[in-house]
Every structure is written in structure tokens, then in C-alpha cells.
Number of protein chains: 2
Amino acid sequence: MAISAAGSSRSERNAVAAPAGVNRPATIHDIAAMCGVAASTVSRALSTPDRVNFRTRARIEAAAAELNYTPNSQAKALSSGRTGAVGVLVPDITNPFYFDLIRGTQLQLKAAGYTQLLVDTEESDEVEASTMEQLRKGADGIIVTAPRLGDDVLLAAAAKMPMVTINRDVPGVPAVIIDTPTATGQALDHLVSLGHTRVAFMAGPLTSQSSSRRWAALSSAAEERGVEVLRLGPFAPKTQSGAAAADSAVHSGVTACIAFNDLIAIGMLQRLRERGIRVPEDMSIVGCDDIFGADFCNPPLTTMTSPIEQAGRVAVSMLLGRLNPLAGGSNRSRSVMPTHLTVRGSTGPARVV
Amino acid sequence: MAISAAGSSRSERNAVAAPAGVNRPATIHDIAAMCGVAASTVSRALSTPDRVNFRTRARIEAAAAELNYTPNSQAKALSSGRTGAVGVLVPDITNPFYFDLIRGTQLQLKAAGYTQLLVDTEESDEVEASTMEQLRKGADGIIVTAPRLGDDVLLAAAAKMPMVTINRDVPGVPAVIIDTPTATGQALDHLVSLGHTRVAFMAGPLTSQSSSRRWAALSSAAEERGVEVLRLGPFAPKTQSGAAAADSAVHSGVTACIAFNDLIAIGMLQRLRERGIRVPEDMSIVGCDDIFGADFCNPPLTTMTSPIEQAGRVAVSMLLGRLNPLAGGSNRSRSVMPTHLTVRGSTGPARVV
DNA sequence: CACGGTTTGGCAACCGGTTGTCAGAGTGTG
DNA sequence: CACACTCTGACAACCGGTTGCCAAACCGTG
């Protein structure tokens, strides 16, 4: 047998390559040398255990443990084509809405042995597009949240690599949809029952599909109930926009507002307070998402609670289901997450005019 | 010349490899074939432009543009040893403190052409350790925030790969320190000037070095000023812990509290409100960090404002300075970020007993 | 004992780049 | 015109794995 020869030549090379005691990470070649087998056998022992003999595998596993071996993910990715990473694109990391989403994806990805590549696209469609192109090689799949890009671009991108969108309903592209439109109806009922007859919708960005969907749901619900709704905005989804939103709501003369999201709603609360307009006595405010802070702002915000973290997990599950079709897993290409209205202190009976 | 021969053989292989029109991403070999040069020449043209002739380079660049070439980062990493990625370890993604930090690192890394690998260690030292080991190959460097691991472990890890810590002062390990101890003195002055003589410190986790440093600063400042401070806790850095913190503060009979961080402080505000204890009339509360939400909670929180996002950027700069020593850049191994007290509504004159 | 089938392990090509080395071409000088 | 020197590009090894294919070894059976 050529065991000793192979072993010694390997260790010689090793000694020469790392003479200064710089214990560089072990490779399968080191293990192979130590066990007197070929590198390919080591590879198989670790990735296709059934392929090698029970005794050989044990020896290899022992050696691997001793050398504290960790596979080099770059090399693995290069040769196998799978990177073990999933890209997650969010428009704004500092938006609390995405915190929970990110945590959801992170947890689920880690559980499945994947790495999360988080990218903040800074609300820019260009960054979005270039990132997606870049990730095409760097990741096995991608999860994009409420992107700026058009349906056609998204569809084309989905054809090139596994993709799941969140809150973006494009036919042919797997999606997780947070069903705020339904909760919007609940919110309107809530306001109507409190005596409000004129309600404003503080719209999000024009390009936001979520905003359009909510407005559509709201206006049709309003029609059914015979109340008047008007659309104000657009407003950027940040607390700072709340000031302008509040002023425009006051000017419009409504007694209640449904904001595109909690950030705008919270900003409105601050502005209304500055102007001495009481919430909910003079004006009722409803937010959307129930983000961090919605429960402790002043007054606590009535809002539509979304299962955000869960949405992140579902998105990951859907994506992984596509990546590994064999592993079973529901192969649904669309998942709707229910939401509900959480009533807190920012809504109350309509002011008697 | 063998140009035509090489060219045709290449394109043949190419045609065979991708017959079904599956336009897989272009490689340097495709470019080489198209230009009739060797792959190595393409590599040099793109990474060491001076190394190839002006005209050849132009041809190659044109071909690369036409084929929409993007280098495969895995392959690049494998052969060059540099991954172009930096790991960022945070204990809890959903803690708003880290949002700003993450955004800071993300922005600075992207500007330098690096990718951010974000990992939530879930407040666990084991996850921290294993992640660091894993990242040793997957990243060029690592930024760890207020880790659980001991000084010795950190020092050992720092010897193995470039590392910068945030809010963790270990000799020999580059660090960005947010100087809350100084602001703690300011906070105490503020409270003392309002007539408070007994103040509680709501401590963070026992293993948190930040918490220890703050307590040390606070107790020595208290001694100088002749006021009494007591330490309560430890409390987990979450709003939920605020309830216990509030109750223990009330029980201790102090008139003012300085919390380890804003999450605890905000949780205390909620609990005190539930119990009918007025802030600041009956109890003053000071937070720490000035996170998202500190300005709109009820009442708005007096807190120590930290330049969190900036800290993230500085950490990245320090790390990159180590990775590319040639590029100049300050080679400091320790950076202290100033903080200041932001007075809002949660602090007021001491209750007259 | 011969034969077919199944394990089991090795060889070598390959993933897509980087980089050391070398040879041929081109340039300038004595 | 010969020689030294620089510029330019090709060749091939290498990074650390994966995987198709083949051959040796081993098995049981007729």
C-alpha cells in the first residue's frame, strides 16, 4: 500500500507551506494525508456518507474533528454551484418594519444552514437592480421586499434566479402577501362605528404597490359603507413625513386618518401634539404594521397588526422549497398572511362638529 | 499566430457547454475566446490594467461590456484569498440600537466595495464563537458588537483574523468605544441639579462590559458629588424587562433612575404608567443610546445620545485600514465616540418627600 | 473455480478566477 | 549589427472543494 508514501509527501508539503506555525485552516487534503486516502474520498465521506466504507468514514471523521476541519464555503460554492447563501433586499434597514422581517428570515435561514446576505437598497431601484445582478452569482436565491422595480423587470429577474417577493403581487413570481387590505376594511368599520364619516388615507410612495392596494381596498370599502374617503400624499414612509401628513389632514377637515404605515402615523401624532390638536379627541389616527414603538407612543397607536416576522419565515420556506424540490415542502407560489386591527388609544369617537 | 485556433476551440467548447440558450453568466474565458487572447490576459486587463497593452485592454473591456461580464466572487475569493466580505455580529437584530449601527456599517462597507454578512448571535456566546470560526474563511474581517465572549477568547480570535470590536475594551483588540460613561456624569449632574439625592442604576446583563463601565463611572461620579446611587438588576436589555425594573425602582424608594439602555427605560415608562406613578413628577427616568422611539414615547425620554451610525462607520474604516494598510487611512486601534445628554420630558424636579 | 454484481476508493477534470514564470516581440544604445 | 532591456501575452499551477468514471476488491452463487 502506498499509504505511508502519500502521507509523508502530503505532510512534507504541508510543513513547507506553513513553516512558521501559522496554523492555516485544515483542508480535505490534510485529512486525506492523515488518513492515507485520496481527497475525493474525504469529500465523499463528509458529503455522501453512504458512498464510503463505514470504517474509512470513521477514520476520516475522527481526523476531521482532530484537525478542527471546516469546509471552505468559497470552494464548495465554486465547484458545486450552490453558495448556501440567500440575499435579502430591503429598501431601508432603519425602518423598524424590516427589523422583524429580517429577524424572521435570519432565523429560518440559519435553521436551514443558509447564510443571509442582507442588502439595504436605500429605496433606490438602481441599487436594487444592480444588487440583484450581483447576487445572481453570489446567492442561491433572493428575497425582495416591496421593491421599486416594475413588474416586468421583476418577472425577468425571477426567471434568472429563484426569487420570492414580499408584498409584491406579480403574476408568475412567488410572493408572500401581507393582507392589509382586509384589515383596512376592519379599520374603516372601527372608525365608522365611532361616528367618523370623512376619513383620509395618508398614502405612501407613488411607486409602492402596497399603498395602491390599500387605497383600492379602502375606497371600495368606503363606498360600500357610504362614507367619504380622500387620499392625501404621497408621503415618504418616515416619521419626518408625519408633520406634512398631519398638516394636510388637518387642512382637509377630516376627523380620522388611516396612514400608509406606522412611521407616518407616529410622525403625525408628534406633529398634532405640537399643534395642540388632541388625539383622539380632535383627530383619530390609524397606523399600519404595528411596528416597534406603536404600543408606547403617545397615545398608543391603533394599527393593523401584521405578522411580519412570520412573513419573513414563510418567504424563506417558500424559497428553500424551490431550491430543494426533493425535500417536499409546500410548493405554493403565493402565501397570504392575515392581519387584524389592534385598537389602542389613538382612535376615539368623532368630534362633534 | 495561434489566435484563430485558440479562438475557435474556445467558442466551440462554449457552444457545446451552453447549447440550450441558457445564457449562463459570462466568464473570463468567454471574453478571452472572443478577443483571441488567453484567460490570464483578460484577468490582468481587468485587475492590473497597466500590465497589458492599451489596445488589447480596450478590446477586452469592450468584449466584457458586451457580454455583460461580472466576475464570479466565489472564484475570486478562492484564488486570491480575499472574499470582499466583512462579517458583522450583533447580539440582537431586533434591538433598535443595532439598526443604526448596521446601517452605518452597511453604508461604509458598500462604499468600499465590500459585502456585509450580518449575523444575529441571539445573545449567545456559543453562537458567537461558532460564527467567528465560520467567518474566518468566509470573510476578510469581522466587526463584533459588545460580545459575550471573554477578553481572552476575543484576543485569541483577533490574532486569527482582522477584527474590530464595538463597545468592548480589550487591550490589543482594535475597538470603537461609545463614551457613555462621560455622559453618565452629565446625566447625574442633571438629576442632582433637579434635587435628586438617591438615584438607581438599572443594570444590564452581568456579562455586559458596557454595563459595568457605566456603573463604575456612575458610582465614582456619585461619590464626587456626594449623592447616593444603588445598583438594581441585572435586567435583560428589552422593553419587557422594564416592568421588573420599574417595580424594583419603586420599591427601592429612589426618585430617579438611570437605565442601562433605552429599551429598559421605555419599558419602565410603560409599567410606571400602568401603576399610576407619574413621570417625571414621581419618578425621573434617564435612558441610554437615544434609539428610535426615545423621542416619541410618553413622556419623551431624557437619554444619552450616542452617534451609533457613526460608530458603525468608524469601525468599518478601522477594519478596512487594517485590511489594506497601503491605502493609508488612520491606523488607530482605538476610537472613542463622544456622547451627550439629551434632555426631554422624562426627567424633572425631585418629588418632595 | 469461474462469473456477474456490488462496494469502495482513486484518478482526473472541472468550477472561475489569480499569479509566477518565461519566451517572443519591440525598442534603444554602443 | 549585436546586445541588453522593457513590454506584452501565453502557459500552467494553484485555491479547495465536487463529481463522473473506472478499476480493484469483495461478495455470493451456479
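In this text the structure is predicted, and so the values were computed from the model without any measurement. Only this structure's heavy atoms are used, side chains among them; waters, hydrogens and symmetry mates stay out.
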Taking N or O atoms only and anything under 3.5 Å, show me the protein contacts with nucleotides 18-20 of chain C, one pair per line.
from	atom 1	to	atom 2	distance (Å)
C/dT18	OP2	B/S43	OG	2.4
C/dT18	O4'	B/S79	OG	3.1
C/dT19	OP1	B/R82	NH2	3.3
C/dG20	N7	B/R44	NH2	3.0
C/dG20	O6	B/R44	NH1	3.3
C/dG20	O6	B/R44	NH2	2.6

Please report, to 0.1 Å, the donor-acceptor pairs under 3.5 Å made by any side chain of residues 35-54 of chain B, with sequence neighbours excluded.
from	atom 1	to	atom 2	distance (Å)
B/S47	OG	B/S43	O	2.7
B/N53	OD1	B/R55	N	2.6

ask   = Is A/S333 close to A/R322 at the side-chain level, that is, under 4.5 Å between some pair of heavy atoms?
value = yes
inquiry  = Quick one, A/I31 and A/I60 - any side-chain contact, counting heavy atoms below 4.5 Å?
reply    = yes
request  = Take atom CD1 of B/I31 and atom P of D/dG9, then tell me their distance rounded to the nearest Å.
outcome  = 15 Å
B/K137 vs B/D50, nearer the 5' end of DNA chain D by closest nucleotide = B/D50
request  = Write down the distance between NE2 (A/H29) and C1' (C/dC11), rounded to a whole number of angstrom.
outcome  = 12 Å
inquiry  = Please enumerate all residues that pass salt bridge (Lys or Arg N to Asp or Glu O under 4.0 Å) together with B/E133, with sequence neighbours excluded.
reply    = B/R136
task = Verify the contact: side-chain N or O of B/T27 to OP1 or OP2 of C/dC15, cut-off strictly under 4.0 Å; return yes or no.
result = no
note = Residues at least two apart in sequence or cross-chain that pass side-chain contact (heavy atoms from CB on, under 4.5 Å) with A/S130, listed by chain then number, are none
Per-pair distances, 0.1 Å, donor-acceptor, side chain in residues 101-118 of chain A, under 3.5 Å, sequence neighbours excluded:
from	atom 1	to	atom 2	distance (Å)
A/R103	NH2	B/D92	OD1	3.1
A/R103	NH2	B/D120	OD2	2.8
A/T105	OG1	A/L101	O	3.4
A/T105	OG1	A/I102	O	2.8
A/T105	OG1	A/Q116	OE1	2.6
A/Q108	NE2	A/S317	OG	3.2
A/K110	NZ	B/D120	O	3.0
A/K110	NZ	B/E122	OE2	3.0
A/Q116	OE1	A/Q106	N	3.3

request  = Applying salt bridge (Lys or Arg N to Asp or Glu O under 4.0 Å), name anything that partners A/E309, two or more places apart in sequence or on another chain.
outcome  = A/R313
task = Compute the angle between the rotation axes at the two ends of the helix from C/dC1-D/dG30 to C/dG30-D/dC1, each taken over five pairs, rounded to 10 degrees.
result = 50°
side-chain hydrogen bond (donor to acceptor under 3.5 Å, both in side chains) contacts in which one or both residues fall within residues 74-88 of chain A, not counting sequence neighbours = A/T83-A/D140
task = Quickly work out the A/F54 CZ to C/dT7 P distance and round it to whole Å.
result = 17 Å
key: Pair listing, salt bridge (Lys or Arg N to Asp or Glu O under 4.0 Å) test, anchored in residues 166-175 of chain A, at least two apart   = A/D151-A/R168, A/D169-A/R334
inquiry  = Just the rounded figure in Å: distance from C1' of C/dT8 to CZ of A/R59.
reply    = 12 Å
ask   = If you check the B/P71 side chain, which of D/dG17, D/dG9, C/dG17 turns out closest?
value = C/dG17
request  = In sequence, state the C-alpha distance, the side-chain angles, and the governing distance for A/D125 and A/V153, and then conclude on side chain to side chain contact (heavy atoms under 4.5 Å, CB included).
outcome  = CA-CA 11 Å; A/D125 55 351; A/V153 183; over 6 Å; no
inquiry  = Looking at A/N72, I'd like to know whether one of its side-chain N or O atoms comes within less than 4.0 Å of OP1 or OP2 on D/dG17.
reply    = no
message = I'd like to check the side-chain contact (heavy atoms from CB on, under 4.5 Å) partners of A/S124; sequence neighbours left out, ordered by chain and number.
response = A/E126, A/V127
query = A/L78 has an atom CG; how far is it from atom C1' of D/dC14, in whole Å?
reply = 12 Å
Atom pairs under 3.5 Å, N or O on each side, protein against nucleotides 26-28 of chain C: can you list them with distances?
none

